[in-house]
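Shown next, in structure tokens, is the structure this report addresses.
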Amino acid sequence: MTATTTATMTQAEYWNGAVGQRWARSQGVLDSVFAPLTEALFSAAALRLGERVLDVGCGSGATALIAAEAVGATGRVVAADLSEPLLAAARARPLPAGAAPVDLIVADAETHDFPAAAFDRAISRFGVMFFSDSRAAFANLRRALTQQGRLSFLCWQAMADNPWVTVPRAAVLPLVPDASPPDFSGPGPFRFADADALRRLLAEAGFSDVAVAPVVRDLVLGRAADGSARAAAEAAAAVAVELGPVSRLLRDAEPPLRQAALAAVTETLLPYAKDGAVHLAAGCWLVSAG
């Protein structure tokens, strides 16, 4: 995909196209890779029985189901996403016994007309970095929360603080010498790398008591049932090339280039394969605001 195409494609088009379909097919892999970060989010959010929760950018539903179980049958969860493929995957997942009902809606949380003060909590696992107007989006979420309501979300620290991205990216870059440099100013995974700027943004949107804490976890990008280092590296390379931010470098790649990238990333990840699994660190911000 060229820089021009990326600039003109809306987030709805992006997440309803090939990327959303690929993520929907890989929901189990993504849930497993991000499990340590999901645990950190919910540990900090500390949802309580009976609460009404808005899940922003719910994807294939993993976080919505965890929230529904946490608030119980007396609570309620509304889970919003732009992607029909991901929401279809979410709808196919069974609701845990005793969980709150989950209302899955196609909605852009930046502009959707949520009822005022309808939610006690809003949560998001990597779903808030893609708004066109971040201040307007956070202000809309603030209006949807009760006066005492709180927003809890995870977003990525700088790319340099995320070896799970930089290590495979370094292997792919020589194969795509014409790749545009990353733009961190607009919608994208590393938009909120600057914690001070993020605090100011949330305050401007009407939030107070803003806390931004670093969270660093090892992610298992790939695992081999037989304990083989190469099989683990191959599985991890597939995640990096097909699902991670590195996939943006190969969005329009022909099969030979994609295969070359997989081979290069596999070799790069081999030294990281220990006991049949590839571990690489991920750096996030865990944000809470009221």
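For clarity, every value in this text was computed on a predicted model and none was experimentally measured.
Between Asn140 and Ala109, the shortest heavy-atom contact is ND2-O, 2.8 Å. Shown here for Trp156 and Pro189, the closest heavy-atom pair between the two residues is CD1-O, 3.3 Å. Residue Asn162 comes nearest to Ala158 through the heavy atom pair ND2-O, 2.9 Å, listed as atom of the first residue, atom of the second, then distance. The two residues Ala160 and Thr166 have their closest heavy-atom pair at CA-CG2, 4.1 Å. For the pair Val53 and Ala67, the tightest heavy-atom approach, listed with the atom from each and the gap, is CG1-CB, 4.3 Å. Nearest heavy atom pair, residue Arg169 against residue Pro182, reads NH2-CD, 3.4 Å.
The closest donor-acceptor contact from the side chain of Glu267 to the backbone of Ala264 lies at 3.5 Å or more, if one exists at all. Side-chain atoms of Asp120 come within 3.5 Å of backbone N or O of Arg52 as a donor-acceptor pair. Ser83 places a side-chain N or O within donor-acceptor distance of the main-chain N or O of Leu86, the cut-off being under 3.5 Å. Side-chain N or O atoms of Asp81 include one that pairs as donor or acceptor with a backbone N or O of Cys58 at under 3.5 Å. The main-chain N or O of Trp23 is never found under 3.5 Å from a side-chain atom of Ser26 such that the two would form a donor-acceptor pair.
Under the 4.5 Å side-chain heavy-atom criterion for grouping Ile, Leu, Val, Met, Phe, Trp and Tyr, Leu257 is connected to Leu173 within one hydrophobic cluster. Hydrophobic cluster membership differs between Val106 and Leu82, with clusters built from Ile, Leu, Val, Met, Phe, Trp and Tyr side chains linked at under 4.5 angstrom. Connection of Leu270 to Val172 is not established within any shared hydrophobic cluster, with ILVMFWY side chains joined at heavy-atom distances below 4.5 Å, either directly or through further cluster members. In the hydrophobic clustering of this structure, Val216 does not group with Phe126; members are Ile, Leu, Val, Met, Phe, Trp, Tyr whose side-chain heavy atoms approach within less than 4.5 Å, directly or through other members.
Partners of Ala179 according to the side chain to side chain contact (heavy atoms under 4.5 Å, CB included) rule, which considers only residues two or more places apart in sequence or in another chain, are Val176, Leu249. By the side chain to side chain contact (heavy atoms under 4.5 Å, CB included) test, Asp103 is found to be paired with Arg76, Val78, Ile105, residues two or more places apart in sequence or in another chain being considered.
Between Val210 and Val212 the shortest side-chain heavy-atom distance falls below 4.5 Å. Residues Asp108 and Phe131 have side chains in contact (heavy-atom distance under 4.5 Å, counting atoms from C-beta outward).
Here CG of Leu65 is found 8.5 Å from CD of Glu69. Values are rounded to the nearest 0.5 Å. Atom CZ of Arg121 sits about 8.5 Å away from atom CD1 of Ile123, to the nearest 0.5 Å. From Ser134, atom OG reaches atom CE of Met129 across 10.5 Å, with rounding to the nearest 0.5 Å. Atoms OG and CG, on Ser124 and Leu141 in that order, are 8.5 Å from each other to the nearest 0.5 Å. Rounded to the nearest 0.5 angstrom, Leu175 CG and Arg258 CZ are separated by 12.0 Å. In this structure, the separation between OG on Ser32 and CD on Gln27 is 12.5 Å, given to the nearest 0.5 Å.
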Residue pair Phe190, Val165: steps toward the side chain to side chain contact (heavy atoms under 4.5 Å, CB included) verdict
CA-CA 11 Å; Phe190 303 104; Val165 176; 4.0 Å; yes

From CA spacing to verdict: side chain to side chain contact (heavy atoms under 4.5 Å, CB included), Arg22, Leu243
CA-CA 8 Å; Arg22 188 163 63 245; Leu243 301 172; 4.0 Å; yes

Under the criterion side chain to side chain contact (heavy atoms under 4.5 Å, CB included), I'd like the reasoning laid out for Val128 against Phe138: C-alpha separation, chi angles, the key distance, then a yes or no.
CA-CA 9 Å; Val128 298; Phe138 284 124; 4.1 Å; yes

Mind listing the side-chain donor-acceptor pairs of residues 38-51 below 3.5 Å, one per line with the distance, residues two or more places apart or on another chain?
| from | atom 1 | to | atom 2 | distance (Å) |
| --- | --- | --- | --- | --- |
| Thr38 | OG1 | Phe34 | O | 3.1 |
| Thr38 | OG1 | Arg125 | NH1 | 2.8 |
| Glu51 | OE1 | Arg48 | N | 2.8 |

Pairs of donor and acceptor atoms involving the side chains of residues 275-285, under 3.5 Å and at least two apart or interchain, shall be tabulated with distances.
| from | atom 1 | to | atom 2 | distance (Å) |
| --- | --- | --- | --- | --- |
| Trp285 | NE1 | Phe192 | O | 3.4 |
| Trp285 | NE1 | Ala193 | O | 3.0 |

Can you give me every donor-acceptor pair (side chain of residues 218-229, partner residue at least two apart or in another chain, under 3.5 Å) with its distance?
| from | atom 1 | to | atom 2 | distance (Å) |
| --- | --- | --- | --- | --- |
| Asp226 | OD1 | Ser228 | N | 2.9 |
| Ser228 | OG | Arg230 | N | 3.3 |
| Ser228 | OG | Ala231 | N | 3.1 |

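Listed by first and then second residue, the ring pair (Phe, Tyr, Trp, His ring centres under 6.0 Å) pairs that reach into residues 88-117 are His112-Phe114, sequence neighbours excluded.
At most 12 heavy atoms of other shown residues, nucleotides or ligands fall within 6.0 angstrom of atom CZ in Arg135. Enclosure of atom OH in Tyr272 is not indicated, since only 12 or fewer non-hydrogen atoms of other residues, nucleotides or ligands lie within 6.0 angstrom.
For the pair Arg142 and Phe207, the cation sits on the ring face: its NZ or CZ lies under 6.0 Å from the ring centre, inside 45° of the axis.
Side-chain atoms of Asp55 and Thr63 form a donor-acceptor pair, as typed in the model, at a separation below 3.5 Å.
Taking a cutoff of 4.0 Å between a charged side-chain nitrogen and a carboxylate oxygen, Glu242 and Arg25 do not qualify as a salt bridge.
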